[in-house]
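Below are the structure tokens for one structure; questions will follow.
Everything numeric here is computed off the predicted structure, so don't read it as measured data. So that the names make sense, note that chain A is the first sequence line, chain B the second, and so on, each numbered from 1.
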There are 2 protein chains.
Amino acid sequence: METTATKSDVCPPTLRWQGGVDGCLLLIDQTLLPAECREIACRDVETVWEAIKSLRVRGAPAIGVAAAYGVCVGLQSALSGDIASCLARVTQVCDYLATSRPTAVNLFWALKRMHRVANDLNARSAQEIAQRLLEEAQAIEAEDRRMCRAIGRHGAELLRDGQGVLTHCNAGGLATADYGTALAVFFAAHEDGKQLHVYADETRPLLQGARLTAWELQQRGIDVTLICDSMAAQVMREGRVQAVVVGADRIAANGDTANKIGTYGVALLAAAHDIPFYVAAPSSTFDLSLASGDAIPIEQRDPREITHGFGRATAPEGIGVYNPAFDVTPARLIRAIICECGVIQPVDEATIRRTLHLTHR
Amino acid sequence: METTATKSDVCPPTLRWQGGVDGCLLLIDQTLLPAECREIACRDVETVWEAIKSLRVRGAPAIGVAAAYGVCVGLQSALSGDIASCLARVTQVCDYLATSRPTAVNLFWALKRMHRVANDLNARSAQEIAQRLLEEAQAIEAEDRRMCRAIGRHGAELLRDGQGVLTHCNAGGLATADYGTALAVFFAAHEDGKQLHVYADETRPLLQGARLTAWELQQRGIDVTLICDSMAAQVMREGRVQAVVVGADRIAANGDTANKIGTYGVALLAAAHDIPFYVAAPSSTFDLSLASGDAIPIEQRDPREITHGFGRATAPEGIGVYNPAFDVTPARLIRAIICECGVIQPVDEATIRRTLHLTHR
């Protein structure tokens, strides 16, 4: 794996394509943040797969963009062949990348879109397919950037100056091509001159809140306090928080929302304290083929994420561990879903379908 | 600091007195568990103070016993003096040890008891005071052992064979002189032939659940699964847990209970899933001078426990941190308090006073 170190105060974007159809995908290796801001150059699809699997790139929208560029990288080995073998390679690469992680639907959404574009093209050469797919990946990235800004704008209207807000995991710039979903709401409110005090759950086991969210907010000069996940209830009880905003990995047709493990608990705690709980996510995170959250596949991850967090054993050898990476928050606990097409409220199937329809899906 | 390494499969008791009035207090250094089971020999009161402050010995009942022996250690420097200077030293040592940690009331309870014994004695020599105080500390330890067994017996009746149970932090043998409060309930149920499946919250920031509770249960052959604190809600939602049992650091007259940070959140989650939430604690943990939990002082601890919890920085430098060591669970969320004198249910001031009165407090 080829890497490039950069200083964290000039950290490059979360992901970027370098060059033309024979170029490569550059990703920040998020497992090294905040200590080190280092890019990985992905020149084969296996490197992209591993980067998604190992959470070097993570966050549903960013996974979608990375996968789209991953198709471009994977196709490079088939450019000297004929159109049929090139299309076969597209299918193979899409199928392969789809096995990297199971929960975030943006991965499958992006791969399906890339696959369809290649097959609908009636191309005259492999090169033409490659060119068109690179354009499509760039379009997905550009849409993701616009999505972040739109979500930020819609969400910022829900927050007032001086409020305390809480977020779980990282739904920031590092989870998207631009400046996030949940964090976009905070960034946009901040741009509007609203002072917020953000409480960031550290988000065990992989500490995306401590390592990524706290870092992003700090870098943008937003007041942030890091807490352990177990402190959210107390912070709410003390009246420090007036809203919760989180991202999403997959949203079912009825609004049930899969997000990082711990989100469901935070939603219950918010309900117990009469604090509105918001989900911020793009339309690509909705999976209308699933009637409810019960059908969302939940990834189980390596027990060592819990027992060997950060390089040393913190639990007895051989201990049993349960490590689901996500949970599902039922729609009834979600005050509104903040989407690029607007604020979905109440959170129910009719309102979701009506709002998403406006964007021609 | 003098230490003795022992193999963890022959781990000594949590604490023990070695020798006569000129002896010393031996404590397992719990910050090293489970990797290493090493005893500290406390030959001066400063070492006892530091051991309590740094959580080398922790858990409300164990802190009480350690403090009682700490008075004996502290007195040793005054044994060649007269009675007045010996009593002055008792006061000085008690005042000093009382500054080690603010929340667990057992500390103050034990120190008050030692102080009263010394002053009520009408001793004829410093040696006599020392001898009597050692006997009192040994009595506190012996009572603590009996208390554990009684709590276990009372609590075991609340659990059924085959149940899943969840606990937070460590209220086990390492938190007491014998085999715990919350964990005593599991151990006693296990001795009765009931198979339990225990879910242990890892308990950030210091991971007492992962390091201590999981280890104790594993050592006694009880089925245990380690989870991150943020997974408790999901484990409850999946129907894996039929009861929650936790310890306590201080219980106000109305039943409001201070315990390790995160306990209040677990109690809210249990309520949301209709799962009974039990507190297991000895009568020495009640502070009837406080009308409610609002008056319980909550210790704030070093931000580095959160930002440097795994031996290396896991959060950006200079980040704001909130690190309360405890929270207060309101009585309304507690189904019953399991005490050595019986099961207090409903949890209200009248029932608490009536039950504790039976033990002549």
- prompt: What residues of residues 231-244 of chain B sit under 4.5 Å from chain A when only non-hydrogen atoms are counted?
  reply: B:Met231, B:Ala233, B:Gln234, B:Val235, B:Arg237, B:Glu238, B:Arg240
- prompt: Taking all non-hydrogen atoms of both residues, which atom of B:Ala210 and which atom of A:Pro316 are closest, and how far apart?
  reply: O-CD, 3.1 Å
Could you tabulate the donor-acceptor pairs under 3.5 Å formed by side-chain atoms of residues 265-279 of chain B, not counting sequence neighbours?
from	atom 1	to	atom 2	distance (Å)
B:His273	ND1	B:Leu269	O	2.7
B:His273	NE2	A:Tyr264	OH	2.6

- prompt: When rounded to the nearest 0.5 angstrom, what is the spacing between CD1 in A:Ile261 and CG in B:Asp229?
  reply: 11.5 Å
- prompt: Is a side-chain donor or acceptor of A:Glu202 paired with a backbone partner of B:Ala315 at a separation under 3.5 angstrom?
  reply: no
message: I'd like to know which of B:Leu217, B:Leu212, B:Val224, B:Ile298 tops the heavy-atom pair count under 4.5 Å against chain A.
response: B:Val224
message: Working to the nearest 0.5 angstrom, can you tell me the gap between B:Thr314 OG1 and A:Arg204 CZ?
response: 9.0 Å
- prompt: Should A:Leu207 and B:Phe310 count as side-chain neighbours, where that means a heavy-atom distance under 4.5 Å?
  reply: yes
field: Contacting moiety of A:Glu305, where chain B heavy atoms sit under 4.5 Å
entry: neither
Heavy-atom pair count under 4.5 Å with chain A, highest-scoring of B:Val328, B:Thr307, B:Asp223: B:Val328
- request: Heavy-atom pairs under 4.5 Å with chain B are the metric here; pick the option from A:Ile319, A:Asp327, A:Ile227 that has the most.
  value: A:Ile319
- request: Apply the side chain to side chain contact (heavy atoms under 4.5 Å, CB included) test between A:Cys228 and each candidate in B:Thr203, B:Ile306, B:Val321, B:Asn323; give the one that qualifies.
  value: B:Ile306
message: Counting only non-hydrogen atoms closer than 4.5 Å, does B:Arg211 touch chain A with its backbone (N, CA, C, O), its side chain (CB onward), both, or neither?
response: both
